[in-house]
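Down below is the structure, laid out as structure tokens.
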Number of protein chains: 2
Amino acid sequence: MDGNDIIEWLNEGVDQWVSGQSVDCVILGYGNHTLYILAMKWKGIESWTLPGGFIFKNESMDQAATRVLKDRTGLDFPFLKQFHTFGNHDRRDETQVDRELAVLGIKNPKVVSWFKQRFITTGYIALVNIEDCELQQDPMSDDIAWHPVENLPSMLFDHKEIIETALQQIKIQINYLPVGLSLLPEKFTMKDFQKLYECISQVELDRANFQKKILKLGITERLEKQMGGGAHKAPYLYKFDEQKYQELLDKGIGFMS
Amino acid sequence: MDGNDIIEWLNEGVDQWVSGQSVDCVILGYGNHTLYILAMKWKGIESWTLPGGFIFKNESMDQAATRVLKDRTGLDFPFLKQFHTFGNHDRRDETQVDRELAVLGIKNPKVVSWFKQRFITTGYIALVNIEDCELQQDPMSDDIAWHPVENLPSMLFDHKEIIETALQQIKIQINYLPVGLSLLPEKFTMKDFQKLYECISQVELDRANFQKKILKLGITERLEKQMGGGAHKAPYLYKFDEQKYQELLDKGIGFMS
DNA sequence: ACAAAAGTGTTTATAATACACCCATGA
DNA sequence: TCATGGGTGTATTATAAACACTTTTGT
């Protein structure tokens, strides 16, 4: 999309979108024993933003979030859940909006005042398998990339706060969310799973006890060994029994203390 | 407030409020071993609504919720927390809006279209001590009353769903919310506390084990006995050590399995 | 004196924790 | 053959659950 297309897209959009409301997605991925968050860079601005969007008048908030996620990652039915709505009246920094509008060459007063109005945004948590994603930029961005949670770039507006709130919520709800099922690849080792838990909960776990507990839950199926991981005994690969995993979550039974 | 006052209040309000956004409070109280929710009855309509309101352009969502709660109950600093935003585009039943507008005699097109626009609402949970509340009707209501959770009246729009979501959330988060501190009177018996837990969690607990566990937490202080409760041993009254209670919650340590 | 409900104690089962041991692997 | 990390076992401790026994109260 070049400059004129964007202007056209916005001119049409502002009539079709619900005013003053947006959704932002904290999309979490996992790989190399590290948690990542997907972020985009607004054109001509050195701050990154969460993948977000506006809400069409004939769609629900949940549908808008699903659409945003699909547009950025290509995924159809990932785990997606609202977690908090950010409603401070001064949450958007007007100078950053001004700069972006200047970069995009937007002068249409209707569009300008659209962007300058007060916005509340509802944050959604998405848990995805990085390898399944086909990243796609949005019209206002010129980059989209995974960033390690431990090393986030400078973020626009209150997006850092949104991420922190999301991570906190996931930590609290870890035993009620399909973190393993959604974030791990189809085949994984117990170590992968354990490190994922440790990344999210920020607590170190005992290797032996973790393994026993997970196995006892009966949500995994043991596959072949993963050879070639180094000079040591090869670990088994596992995959999830999705149905049993889901049943455990539905019952609200956590599986770590 | 009579009819003309309301019309005047609305005419002014629609210019000062953020459009398309509201807050609704699920205000929980406890007494007689029963959970209650505060609801109001819109004038001339046989449905009850949650105490709610619109958001002034210069206040945050949280401030709006705090204001609504203060206006209805007189309380200044009760426990209040956002729990979910309801964003379906068809969540408000237009015929009910029409009827209410007719009852109030509202014809000003600006006000009519204000009420007929799409609204999202953010739900807040409040935990209050019933005895501390001084209930106050809002301009559009002609009744305000506590309703047992087990026996709610017919509710407007999706307010039943909002209540159910709130109750579900409280159930999940029971060990991280100040349910005892906020819902019990200053002096209470262990039985009161236990029944409160049972009401919220919908699980029956063992009397002896409950008592031991709570005592072991060290968040209570034993007071005099409560005589006159019937032909049986008199139970002790307790009060909370607020600081220690709060410390427990902050650490995220639940106190029931 | 009795029934009702409170306080406290005991036993048993279950789960969490810590750590030890041996094994398979690639260098 | 050796260091590394993996699988599994065991002893210990802590917590949860079930229930029994005694005490206090008003009638």
Side-chain angles (χ1 to χ4, degrees), chain A residues 32-34 174-176 180 184-185 187-199 201-240 248 251-257, chain B residues 32-34 174-176 180 184-185 187-239 248 251-257:
Chain A
N32 304 109
H33 297 171
T34 310
I174 187 166
N175 293 321
Y176 303 90
L184 290 173
K187 298 179 181 184
F188 56 90
T189 65
M190 276 297 163
K191 178 150 207 167
D192 293 332
F193 199 4
Q194 185 188 334
K195 290 289 169 196
L196 169 57
Y197 253 80
E198 293 180 342
C199 276
S201 67
Q202 301 282 339
V203 172
E204 298 233 325
L205 301 171
D206 180 275
R207 181 178 63 87
N209 295 332
F210 183 87
Q211 173 129 345
K212 268 178 291 181
K213 222 187 243 169
I214 298 295
L215 290 179
K216 206 169 151 198
L217 293 175
I219 57 172
T220 51
E221 191 181 321
R222 179 182 274 186
L223 306 171
E224 73 277 15
K225 288 190 177 187
Q226 182 187 53
M227 307 304 278
H232 52 76
K233 198 169 174 179
Y236 287 101
L237 288 170
Y238 292 86
K239 70 171 189 180
F240 287 114
L248 250 189
K251 275 191 276 180
I253 299 166
F255 50 62
M256 283 286 118
S257 68
Chain B
N32 305 109
H33 297 172
T34 311
I174 187 167
N175 293 321
Y176 303 89
L184 291 172
K187 297 180 181 185
F188 57 90
T189 65
M190 277 295 163
K191 178 150 208 166
D192 293 332
F193 198 5
Q194 184 187 335
K195 289 290 168 195
L196 169 58
Y197 253 80
E198 292 180 342
C199 276
I200 293 175
S201 66
Q202 302 282 340
V203 173
E204 299 232 326
L205 300 171
D206 180 274
R207 180 178 63 84
N209 294 333
F210 182 87
Q211 173 128 345
K212 269 179 291 181
K213 222 187 247 169
I214 297 295
L215 290 178
K216 206 168 150 197
L217 293 174
I219 58 172
T220 51
E221 191 181 321
R222 181 183 272 186
L223 307 171
E224 73 277 15
K225 288 189 177 188
Q226 183 188 52
M227 307 303 279
H232 53 76
K233 196 169 175 180
Y236 286 101
L237 288 171
Y238 292 85
K239 71 170 187 178
L248 250 189
K251 272 190 277 180
I253 299 166
F255 49 59
M256 284 285 118
S257 69

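Throughout, a chain's letter reflects where its sequence line sits, starting with A, and its residues are numbered from 1.
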Requested in this report: Write down the distance between CD (A/Glu224) and P (C/dA24), rounded to a whole number of angstrom.
Outcome: 18 Å

**Report entry** Counterpart residues, side-chain hydrogen bond (donor to acceptor under 3.5 Å, both in side chains), relative to B/Thr220 (two or more places apart)
**Finding:** none

Requested in this report: Using a 4.0 Å heavy-atom cut-off across all strands, classify A/Gly228 as base, sugar-phosphate, or nothing.
Outcome: sugar-phosphate

Query raised in the report: For A/Lys195, which residues count as a salt bridge (charged side-chain N to carboxylate O under 4.0 Å, His left out) partner, sequence neighbours excluded?
Result: A/Glu198

Report summary line: Here the distance between atom C1' of D/dT8 and atom NZ of A/Lys216, to the nearest Å, is 15 Å

Query raised in the report: About how many Å separate OH of B/Tyr236 and OG1 of B/Thr189, when rounded to the nearest 0.5 Å?
Result: 13.5 Å

Query raised in the report: Within this structure, what is the NZ-to-C1' distance between A/Lys195 and D/dG6, rounded to whole angstrom?
Result: 13 Å

Query - Interatomic distance where CD1 belongs to A/Ile214 and P belongs to C/dA15 [whole Å] - result: 15 Å

Query raised in the report: If you count the non-hydrogen atoms of other residues, nucleotides and ligands that lie under 6.0 Å from CD in A/Glu204, is the total more than 12?
Result: no

Query raised in the report: What is the distance from CZ of B/Phe210 to C1' of D/dA18, rounded to the nearest Å?
Result: 17 Å

Requested in this report: Taking the side chain as every heavy atom from C-beta outward, state whether A/Phe240 and A/Leu184 have any pair of such atoms under 4.5 Å apart.
Outcome: yes

Query - side-chain hydrogen bond (donor to acceptor under 3.5 Å, both in side chains) against B/His232, all qualifying residues, sequence neighbours excluded - result: none

Report summary line: Closest non-hydrogen atoms of B/Phe210 and B/Met190, given as atom of the first, atom of the second and distance, are CE2-O, 3.9 Å

**Report entry** Inter- and intrachain pairs under salt bridge (Lys or Arg N to Asp or Glu O under 4.0 Å), touching residues 220-237 of chain A, at least two apart
**Finding:** A/Lys187-A/Glu224

**Report entry** Rounded to 10 degrees, the angle between the two terminal axes of the helix from C/dA1-D/dT27 to C/dA27-D/dT1, each from five pairs
**Finding:** 0°

Query raised in the report: Can you give one letter per nucleotide of nucleotides 5-11 of chain C, going 5' to 3': B for a protein heavy atom under 4.0 Å from the base, S for sugar-phosphate only, - for none?
Result: BBBBBB-

Report task. Would you kindly give the CZ-to-C1' distance between A/Phe193 and D/dG7, to the nearest whole Å? Result -> 18 Å

